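Down below is the structure, laid out as C-alpha cells.
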Amino acid sequence: EAGVAQSPRYKIIEKRQSVAFWCNPISGHATLYWYQQILGQGPKLLIQFQNNGVVDDSQLPKDRFSAERLKGVDSTLKIQPAKLEDSAVYLCASSLEDHAGYEQFFGPGTRLTVL
Amino acid sequence: GEDVEQSLFLSVREGDSSVINCTYTDSSSTYLYWYKQEPGAGLQLLTYIFSNMDMKQDQRLTVLLNKKDKHLSLRIADTQTGDSAIYFCAETRDDKIIFGKGTRLHILP
C-alpha cells in the first residue's frame, strides 16, 4: 500500500514570496490533515479536511495561509506571502475517518526555509 | 492551551532499557499515543493505549498509564541503534491529537 506522498521535499524561498505544497493521501482515506512542525517542537494542526470539506481550520493563519482539497483526494497548502517564522516542516497526514481513534498516517513532510 | 510535557533528551546504552516519560493535560483523553520520528521522515504511530487501561505491552514496548497523575511512559526493552529517533507523546483533546515537543533518544555504543 502506497503511503502519503508529499512534494516538494525541500523548498527555500525569500520572505514575502509565495509557496505551495502538495499532498496525496492514502487511497480511500477520507480525512486529510496539514500540520506545521517548527524545529524542536511537535506537530501543530493547521487544517483538517473530511473529504473536500473543512472540519477545523481554527489554527490556520488565514491572512497568509490557504488550503484546498477540491476533489476530496489531493490537497495543496499555500503560503502567500511567507514570513521568516513560517520556516518549518509541513506534514500531511491522512486517516480513514475523522475520529481520533483512527490512525493517522504521515507523509515525509516538506521542509520550508524562509530567508 | 496547556502543553503535553516530556523531557527533550535521553541517552541510553545499547542493550539497556529506555524509559521516556510524558505528562499530558486532558483527563478525558480517550487515547494516548506514542509516535516515532526518524530523521527526514514523518511521524509513525508506535503504539497507543486506551484511557481505561493501565498498561499495554507489545513486543519490546511497554506503555504505562497513570490517569490520576496524567502520566504516560514508554519503555523500550533491549534498546537498539535502530531505536534512535524522536519520540512524541500525544493526547486526544476535542477529538484532535495534541503532540508534545518530543524526546530525542540517543543510543550509546
Side-chain angles (χ1 to χ4, degrees), chain A residues 1-10 21 23-26 29-50 54-60 88-113, chain B residues 1-10 20-53 56 58 72 74 85-106:
Chain A
E1 179 183 84
V4 176
Q6 290 189 247
S7 68
R9 291 296 311 276
Y10 305 92
F21 313 127
C23 172
N24 187 14
I26 292 173
H29 280 195
T31 311
L32 185 147
Y33 310 81
W34 282 103
Y35 288 88
Q36 180 192 57
Q37 185 179 17
I38 292 172
L39 185 65
Q41 301 197 12
K44 183 186 85 171
L45 181 68
L46 291 176
I47 188 167
Q48 177 182 342
F49 292 93
Q50 178 71 6
V54 175
V55 173
D56 184 350
D57 64 357
S58 57
Q59 301 224 73
L60 188 73
V89 175
Y90 291 85
L91 295 165
C92 179
S94 70
S95 63
L96 270 174
E97 289 295 339
D98 172 19
H99 186 275
Y102 287 90
E103 181 178 352
Q104 293 186 23
F105 294 83
F106 284 80
T110 297
R111 182 178 296 277
L112 173 67
T113 301
Chain B
E2 298 175 60
D3 292 340
V4 175
E5 299 284 349
Q6 49 184 133
S7 54
L8 296 182
F9 298 100
L10 178 66
I20 304 172
N21 294 302
C22 166
T23 303
Y24 62 97
T25 66
D26 190 346
S27 57
S28 63
S29 286
T30 309
Y31 303 90
L32 294 141
Y33 306 90
W34 285 103
Y35 280 82
K36 178 182 181 182
Q37 187 175 37
E38 296 184 73
L43 277 71
Q44 175 191 4
L45 180 64
L46 203 57
T47 187
Y48 67 94
I49 188 168
F50 290 111
S51 58
N52 61 357
M53 298 169 66
K56 179 179 180 181
D58 183 3
L72 185 72
L74 173 69
I86 301 176
Y87 292 81
F88 291 92
C89 169
E91 65 176 353
T92 46
R93 194 187 303 165
D94 298 327
D95 216 25
K96 302 292 182 287
I97 298 178
I98 307 299
F99 294 88
K101 292 184 177 180
T103 299
R104 183 179 295 274
L105 178 62
H106 178 61

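Just so it is clear, the model here is predicted, and its values are computed rather than measured. Below, chain A is the first sequence line, B the second, and so on; all start at residue 1.
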Just wondering, more than 12 heavy atoms not from [X] lying within 6.0 Å of its [atom1]?
X       : atom1 : answer
K101(B) : NZ    : no
Y48(B)  : OH    : no
D94(B)  : CG    : no

Using a heavy-atom distance cut-off of less than 4.5 Å, which residues of residues 25-40 of chain B contact chain A?
Y31(B), Y33(B), Y35(B), Q37(B), G40(B)
Could you look at Y35(A) and say if it's the side chain, the backbone, both or neither that has a heavy atom under 4.5 Å from chain B?
side chain
What part of Q48(A) gets closer than 4.5 Å to chain B, counting heavy atoms only: side chain, backbone, both or neither?
side chain
Nearest atoms (heavy-atom pairs only) where Q37(A) meets F88(B)
NE2-CZ, 3.3 Å
Between L45(B), L8(B), L43(B), which residue shows the highest count of heavy-atom pairs closer than 4.5 Å to chain A?
L43(B)
What residue, out of Q41(A), R9(A), R111(A), has the most heavy-atom pairs lying under 4.5 Å from chain B?
Q41(A)
